[in-house]
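Accompanying notes for the structure given below.
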Amino acid sequence: MKARLWPWLLHPRLTLAARIALGLVFIAAALPKIGDPPGFAKAIWAYQLVPGPTLNPMALVLPWLELLCGLGLALGIWVRAAATWAAMLLLAFGLALAINLARHHPVDCGCFGATAHRTDAERLTDMRWSLLRDAGLLLLAAQIFLAAAPRKN
Amino acid sequence: MARFRSTLLRVLALAGMALVAALIANSLASPARRLAWVRSSLPPATAAPRVEKIQPPLPGSGLPIVPESKVGHPIHPGHLPSSRPAPSPAPAAAPAAETSPSSPILDISAEEAWRAFQSGTPFLDARRGSEFAEGHIAGAWSTPVWESDLDDRLLSFKAARRPGSEDPIVIYCSGGDCRDSHLLAEKLLGEGYFHLLIFHDGYPAWVAQGRPIGKGRP
């Protein structure tokens, strides 16, 4: 069963679709943040995980990293490196959301730039959905990475 | 192995390219969109005062929240800094003494803010410059706490109004759980101002009461 499923899961067309989907999500997430670094710094600060001195450099560099990864994935350039960064970023974002969910601290995701004011209950719900979305995107990154990995046999 | 190494090099190269792009973009950005690489003014992120602020309005709306926050910490002690539950009660207790006249940062109600407005107390708007442009308390100064030209704006405010260290200054943002006015208050406290009034309900409450507003950039 596993032997039959594996080629399908690593099918090149699936990889192509995953690359383009993940790449577009990263580009869409990066652009509003590149346009408004102070807003992104505020969003990161709200998570209360990042020490003060690293806050601003992070808010400035992360969106560009997302954009480069998104472009690499969507255009098929440096795919493995881009997928590696994408997976690491998704893991970090998911962890940040999970930690704040665990301590009942509602935050605005900030994933796609600033959002309108919401209540704490709405925020907590959104955080759960964002976490789920993160997991799904992480699966895409894993597919891309595994499909691009050298075969052992 | 060689492939692994080339991937690693590209991973590092991506980070380097992002850094260069960020350096260039940030130096070209307008002051409202620029971010200082090193921030000196931001106090450490403390969740504690926030907890204290959120709780008072809640008892009316729902009891479950109060037990939740009480129970929440003991249930997840392992997750994060175990220091987390500890600082919560301490600062929460300090601002709770809002009645004490010695506290340099006080929360004020919409009514008190209106009286301060009528007596000519300066108002500082801690929200983003774009929000200020959409509408602000009439005569308020735009001092967006997250934007890179905050210090310049505070300087021009001080030059124009020459507030003494004991003169009242009202600070507001967008109400609710908005923390920007507290950040600004802590910054001003560090600069030696000891009569900072935080209009807690902020701009939405001001609009709801039909008080005078202004629009446009300062």
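Letters A, B, ... mirror the listed sequences (proteins, then strands); counts begin at 1.
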Taking atom types as modelled and ignoring hydrogens, do the side chains of A:T125 and A:E122 form a donor-acceptor contact shorter than 3.5 angstrom?
no

Are the charged groups of B:R127 and B:D180 less than 4.0 angstrom apart, N to O?
no

Show, in sequence, the C-alpha distance, side-chain angles and deciding distance for B:S174 and B:E131, and conclude whether the side chain to side chain donor-acceptor pair (under 3.5 Å) test is met.
CA-CA 9 Å; B:S174 44; B:E131 291 175 285; 4.6 Å; no

Any side-chain to backbone donor/acceptor pair from A:D36 onto A:P32? Under 3.5 Å, distance only.
no

Which atoms of B:A32 come close to chain A, meaning under 4.5 Å heavy atom to heavy atom: side chain ones, backbone ones, both, or neither?
backbone

So for B:R33, is it side chain, backbone, both, or neither that comes closer than 4.5 Å to the heavy atoms of chain A?
both

Can you tell which of B:V11, B:L9, B:T7 has the highest number of heavy-atom pairs within less than 4.5 Å of chain A?
B:V11

